[in-house]
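Reminder, nothing fancy here: chain letters follow the sequence lines and each chain counts from 1.
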Protein chains: 2
Amino acid sequence: MPGPDAVGKSGPHHPRRPTMVDVAREAGVALRTVSRVVNGDTTVGEDFAERVRSAVDRLGYQPDERARQLRSGRTGAIGAAVRHIADAHPVLRAIDETARAVGLTVVAMSTEDDEERERDAVMSMCRRRMDGIIIEPIAQDHHYLQPEIDAGLPVVAFDRPAAGLDVDTVLSDNRGGIAQAFAHLTAQGHRRIGYIGDDERIHTGRERATAFRDALSGIGGTLDGMVHPGPVEPARVAAALAALRDRPDPATALVTGNFNTTVAVIRALGADFGGIALVGFDDFGLADLLRPGVTVVAQGDEEIGRTAIELLSARRANRARPTRTVIVSTRLIPRGSGESAP
Amino acid sequence: MPGPDAVGKSGPHHPRRPTMVDVAREAGVALRTVSRVVNGDTTVGEDFAERVRSAVDRLGYQPDERARQLRSGRTGAIGAAVRHIADAHPVLRAIDETARAVGLTVVAMSTEDDEERERDAVMSMCRRRMDGIIIEPIAQDHHYLQPEIDAGLPVVAFDRPAAGLDVDTVLSDNRGGIAQAFAHLTAQGHRRIGYIGDDERIHTGRERATAFRDALSGIGGTLDGMVHPGPVEPARVAAALAALRDRPDPATALVTGNFNTTVAVIRALGADFGGIALVGFDDFGLADLLRPGVTVVAQGDEEIGRTAIELLSARRANRARPTRTVIVSTRLIPRGSGESAP
DNA sequence: ACTGGGCGAGACAACGTTATCCCACTGTCG
DNA sequence: CGACAGTGGGATAACGTTGTCTCGCCCAGT
């Protein structure tokens, strides 16, 4: 059709949504009065308010949040840059729920463990003028955020410190968690306990491996060949496992440093976990359904998320406040795999 | 009111971030020239461009996305309202990756299976003038979205149809998936096959239960007491399971209608799944680690997410296009639990 | 030397909202 | 009866950006 209809035009105009001006015209009041009604200002007479509300309904008017934010300066939303948005993420749930409770909207983006994607996600949040950013850091260097922080952006890191940045941080008690796991296994009589975990270039991997070494030294055990940090790949994990078992004094128990390692180890061990006692760092769904059930050190996900929002709110209230680092304790959950004697 | 020039005033002004005007002044060029440089317009001389870039760096300028969007009319972002943002969600991953590839940002929000939260999330997306919305519908009635659709908002539903709305939709082949599961079990020799699944008030629950009835009738089996739709609660599922086993001709095999039901059944069955053959609808992580491994009908998550973005893009290109519903086929993954004879 | 064209930079308005100021009307008190 | 405070609505100017138009400049062509 050669219609004169301008719908297909290239301009920025779609069929055009109604604006406050349209509502004002429809209701026969001033623009500012519509704004007042929409924002619940009580200084508007009931008759005027009703006229406006009726016009809003008739036109299907929805305020443009972008214009509102631009004018008012407030966003009412915080960004959350997490490692994998499509994976189960109990901390994100706590962040979302807590933020909701204080009237903030959470916009979540995924970094996929990629430095550039983290940067993209975070800068995109800055350009949207989020009221704050919660970040699960992956980059080795976060200096790119310093100008934003100087400009007043509240930032909170969780799970790992944001390298190169002095910001509020929420961490798990990695050392305490490893100590719990270790103590649990020694209480069953184990003395030859091995560790397989994440690369020590990663903060949590480093903390947990170090804590494990300390624990093993503490009972007079030899460190030699018992501690295996490295990339979490099935082949590397399987090789580490083989090294722990094929020795004169094979390990009778094992601590794994994170969820992915735990799973890789279980896959390599096969049925009944080859008779080895196992305690994994990080809880996970279905851990109770495996045979045996997997004993884990669980992180305080809910508390971590809640604390992150609290730190963010505190900083929004007082930008000059010194930064704080909160350590959230872990909890050992026995399910069977860590309760067998050597 | 004390000071005439109070710095800590309550106004919309934080320390104030630099704007294009500041950059223009710093660089000694016109406002519009800064805009051109920032947007990569090539009609700017290299010397001017360099002056601007240097000023941008000096001031730490970041464009305000809200103002840009307000002025240009484009948002460059689509909203995704999913059931549980903190749970593993392979479709969301596919949505995110596909959207990224075509230069769109995805803003994900959680509905938590709550009608009101879905409404809140979706309306919040509308107020932000998202370029499109992908929704995993939970509400029984989506008429509230009709005005937005009329105003030109592209909407795509996935997993379930959006009741009361004529929009593009991506669904799994629920009937085909059930048929696959059923055929797989009959091929092992099973004839007494039970079904436990979701409430039939839910679209997927209804489709799957119906397909199962058809399949069972198809081999001349009795429906009586073999099909158990209902709320996914451990007690209800356990009762259904007991009913299937405590009868003169107990079920030798079982099809479960969704992930949560599968898990509840496995918990109730205990070690070795009580010798019953099991095929679950929905794949899940660690399914291969259970003993036996869990045979499942997997949905085409990646294809569903990709298709959702494709339908959205197609509608953005042509608002008048008739709506389409795409059915994505399922795939049976044998892992052990469904491969035992009666 | 004058003109025409292309290129590149600037002035101005507009996007849809809220903040500020102002004014018209009412009711009350001196 | 006049002035004044209080109430409630309206006009206008921002917020930070981009679209449109204009204009100055330089070079080539006649």
ask   = Do any of residues 121-130 of chain A sit with a heavy atom less than 4.0 Å from DNA chain C, and if so which?
value = none
request  = Using atom CZ of Arg74(A) as one end and atom P of dG16(C) as the other, report the distance to the nearest whole Å.
outcome  = 22 Å
request  = Drop me the distance from Ile78(A)'s CD1 to Arg316(A)'s CZ, to the nearest 0.5 angstrom.
outcome  = 7.5 Å
query = Is Arg71(B) side chain donor-acceptor paired with the dT18(D) base, going by distance under 3.5 Å alone?
reply = yes
task = Can you tell me the distance, in whole Å, between the CD atom of Gln69(A) and the C1' atom of dA14(D)?
result = 17 Å
ask   = Does the side chain of Tyr144(A) pick up a donor-acceptor pair with the side chain of Glu118(A) at under 3.5 Å?
value = yes
task = Send over the distance from Arg68(A) CZ to dC15(D) C1', rounded to a whole Å.
result = 15 Å
query = To the nearest 10 degrees, how far apart in direction are the end axes of the helix from dA1(C)-dT30(D) to dG30(C)-dC1(D), each fit to five base pairs?
reply = 70°
Given Val82(B), Thr111(B), Val155(B), the one that forms side chain to side chain contact (heavy atoms under 4.5 Å, CB included) with Ile135(B) = Val155(B)
task = Quick one: pull up OG1 in Thr19(A) and CG in Leu31(A) and give me the separation to the nearest 0.5 Å.
result = 7.5 Å
remark   = Contact string for nucleotides 6-11 of chain D, one letter per nucleotide 5' to 3', B = base within protein heavy-atom range under 4.0 Å, S = sugar-phosphate only, - = neither, reads --SBBB
task = Could you pull out all residues at least two apart from Thr169(A) that satisfy side chain to side chain donor-acceptor pair (under 3.5 Å)?
result = none
task = Name every residue in residues 50-65 of chain B that has at least one heavy atom under 4.0 Å from any atom of DNA chain C, in order of residue number, or write none if there are no such residues.
result = none
message = Please tell me whether Arg36(A) and Thr33(A) have a donor and an acceptor in their side chains that are separated by less than 3.5 angstrom.
response = no
key: Geometric cation-pi criterion Arg17(B) and Tyr61(B), 6.0 Å radius, 45° cone   = no
task = Compare all side-chain heavy atoms of Leu153(A) with those of Ile133(A) and state whether any distance is below 4.5 angstrom.
result = yes
inquiry  = Can you list everything that forms a side chain to side chain donor-acceptor pair (under 3.5 Å) with Arg100(B)? Sequence neighbours excluded, please.
reply    = none
ask   = At under 4.0 Å between heavy atoms, what does Ser35(B) touch on the DNA or RNA strands: base, sugar-phosphate, or nothing?
value = base
query = How many Å lie between CG on Asn39(A) and C1' on dT20(C), as a whole number?
reply = 16 Å
request  = May I ask you to check whether Asp166(A) and Thr323(A) show a side-chain donor-acceptor distance below 3.5 Å?
outcome  = yes
Taking every non-hydrogen atom, the tightest pair across Met125(B) and Val107(B) = CE-O, 3.9 Å
key: Among Arg83(A), His89(A), Arg160(A), side chain to side chain donor-acceptor pair (under 3.5 Å) partner for Glu136(A)   = His89(A)
request  = Please report, rounded to the nearest Å, how far the C1' atom of dT18(D) is from the CG atom of Leu70(A).
outcome  = 13 Å
query = Is any side-chain heavy atom of Ser124(B) closer than 4.5 Å to a side-chain heavy atom of Met109(B)?
reply = yes
